[in-house]
Each structure stands twice: as C-alpha cells, then as structure tokens.
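In what follows, a single structure is set out as structure tokens and then discussed.
In this chain, residues are counted from 1 in sequence order.
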Amino acid sequence: MTLVVLDASALLALLLNEPGGQRVKQVLSRSAISTVNLGEVVAHFARHGASEPDIRAVLDPLPLDRRLFDEEQAYSAGLLLVATRAAGLSFGDRACLALAKSLNVKALTADRVWSRVASTVDVEVEVIRPTE
C-alpha cells in the first residue's frame with residue numbers, strides 16, 4: 001500500500017546521503033514516484049557523468065512503485081500551475097503533487113517552498129529537511 005509519493009529531491013536525499021534521507025529510507029518500500037520525477041533523478045546522475053547502466057544499477061533495485069505519467073496526471077499537473085506559480089514550482093514538482101493528490105497520500109520533498117502551497121493544492125506535504 002502506497003503511503004507517500006516521493007519528489008525527485010526526496011529520492012536524491014536518500015541516494016546522496018543528504019539531510020532528510022533517513023526519513024525517505026523509513027518509507028521507501030511504501031512509496032510511489034512519478035516517472036517524471038524518476039526521469040529527474042536519472043538526469044541528475046547523467047549530468048554528473050554516470051552511465052545508463054550505472055544509473056539503472058542504482059535505481060532499478062529500489063522498492064518503489066513507479067507510476068506512469070498519464071493524461072489525467074498531465075491535466076492535474078497543468079492545472080496546478082496557477083496555484084503554485086508564485087512559489088516557483090516546476091513541472092516535475094507539480095507532477096509529484098498531482099500523483100499524490102490522485103492517490104490521496106502525502107508528498108515528500110526536500111524543497112521547503114512546497115509547504116507554502118500545500119493547503120492551496122489540497123495535498124499534504126512533508127518537507128524532509130530539518131529546518132535551519
């Protein structure tokens with residue numbers, strides 16, 4: 001059963017041993033991720049010189065529910081633009097929120113700005129980084 005949806009920043013926090021990564025580790029086996037956000041994680045490693053086989057070796061074994069980005073999510077993510085524009089959320093951010101909304105679960109992110117839009121988009125958001 002899916003309890004949370006991970007943003008790319010949350011999964012990267014786990015994989016890069018960053019603050020908040022332990023929280024992701026606690027829920028990893030009950031997490032989903034949009035293929036849009038998975039693509040962002042792949043891009044991060046590719047940008048830093050990792051090969052496709054190496055990236056797959058890291059990501060494929062993870063016990064994540066990978067959810068294809070479909071037409072309904074495209075509409076939902078697109079419509080979230082108005083509510084999230086002032087906070088500067090990206091398309092990938094909105095894809096994560098759209099998936100969390102459709103599954104009626106919380107979204108985990110390392111991006112603190114999401115807490116400003118959570119009530120506006122009707123999605124529970126958990127920011128995994130400790131406050132400074």
* **Side chain to side chain, Ile55 and Val58, heavy atoms closer than 4.5 Å** => no

* State whether the side chain of Asp111 and the backbone N or O of Trp114 hold a donor-acceptor pair below 3.5 Å, judged by distance alone. => no

* How about Asp60: does its CG atom have over 12 heavy atoms from other parts shown lying under 6.0 Å from it? -> yes

* Answer yes or no: does atom CZ of Arg56 have more than 12 heavy-atom neighbours from other residues, nucleotides or ligands under 6.0 Å? => no

* Quick check: does any side chain N or O of His48 sit under 3.5 Å from a backbone N or O of His44, one acting as donor and the other as acceptor? -> yes

* Asked: Does the side chain of Leu81 come within less than 4.5 Å of Arg94's, by heavy atoms?
  -> yes

* Of all heavy-atom pairs between Gln26 and Arg30, which one has the smallest distance, and what is that distance? -> O-NH2, 3.1 Å

* Main-chain N/O of Gly92 paired with Asn37 side-chain donor or acceptor, under 3.5 Å -> yes

* Same cluster for Val125 and Leu6 if Ile/Leu/Val/Met/Phe/Trp/Tyr side chains link at under 4.5 Å? -> no

* So, do Leu108 and Lys106 sit near enough that their side-chain heavy atoms are less than 4.5 Å apart? -> yes

* Spatial distance of atom CZ (Phe91) from atom SG (Cys96) [nearest 0.5 Å] -> 12.0 Å

* Asked: Between Glu40 and Asp7, what is the shortest heavy-atom contact and its length?
  -> OE1-OD1, 4.4 Å

* Any donor-acceptor N/O pair, Ser31 side chain to Val27 backbone, under 3.5 Å -> yes

* Structure fact -> Value for CD1 (Ile33) from CZ (Arg66), rounded to nearest 0.5 Å, stands at 8.0 Å

* From Arg23 CZ over to Leu28 CG, what is the distance, rounded to the nearest 0.5 angstrom? -> 11.5 Å

* To do: Measure across Ala87 and Val113 and return the closest heavy-atom pair with its distance rounded to 0.1 Å.
  => O-CG2, 3.6 Å

* Joint hydrophobic cluster, Val4 plus Leu97, side-chain heavy atoms closer than 4.5 Å -> no

* Write down the atom of Gln73, the atom of Ser102, and the distance for their closest heavy-atom approach. => NE2-OG, 4.0 Å

* Could Arg67 and Asp65 be called an ion pair, given the rule that one side-chain N must be under 4.0 Å from one carboxylate O? -> yes

* Structure fact -> Note: Leu99 and Ala32 closest approach over all heavy atoms is CD2-CB, 4.4 Å

* Taking the side chain from Ser90 and the backbone from Asp93, do they hold a donor-acceptor pair closer than 3.5 Å? -> yes

* Asked: Transitively linked via ILVMFWY side-chain contacts under 4.5 Å: Val127 with Leu80?
  -> yes

* Asked: Do Leu62 and Leu15 come within less than 4.5 Å of each other through their side chains, counting heavy atoms only?
  -> yes

* Asked: Are side-chain heavy atoms of Arg129 and Arg112 found at a separation under 4.5 Å?
  -> yes

* Do Leu64 and Leu11 come within less than 4.5 Å of each other through their side chains, counting heavy atoms only? -> yes

* Asked: Within the distance-only criterion (no hydrogens, no angle test), does the side chain of Ser34 pair as donor or acceptor with the backbone N or O of Val36 below 3.5 angstrom?
  -> yes

* Asked: Sub-3.5 Å donor-acceptor pair from the side chain of Ser9 to the main-chain atoms of Ala110, do we have one?
  -> yes

* Structure fact -> Nearest heavy-atom contact between Ala83 and Thr120 is CB-CG2, 3.8 Å

* Asked: Any side-chain heavy atom of Val121 within less than 4.5 Å of one from Thr84?
  -> yes

* **Within one Ile-Leu-Val-Met-Phe-Trp-Tyr cluster: Val105 and Leu14, side-chain cutoff 4.5 Å** => no

* Asked: Is there a path of hydrophobic side-chain contacts, each under 4.5 Å between heavy atoms of I, L, V, M, F, W or Y residues, that connects Val24 with Val42?
  -> yes

* To do: Check whether any side-chain heavy atom of Leu16 lies under 4.5 Å from a side-chain heavy atom of Phe45, and answer yes or no.
  => yes

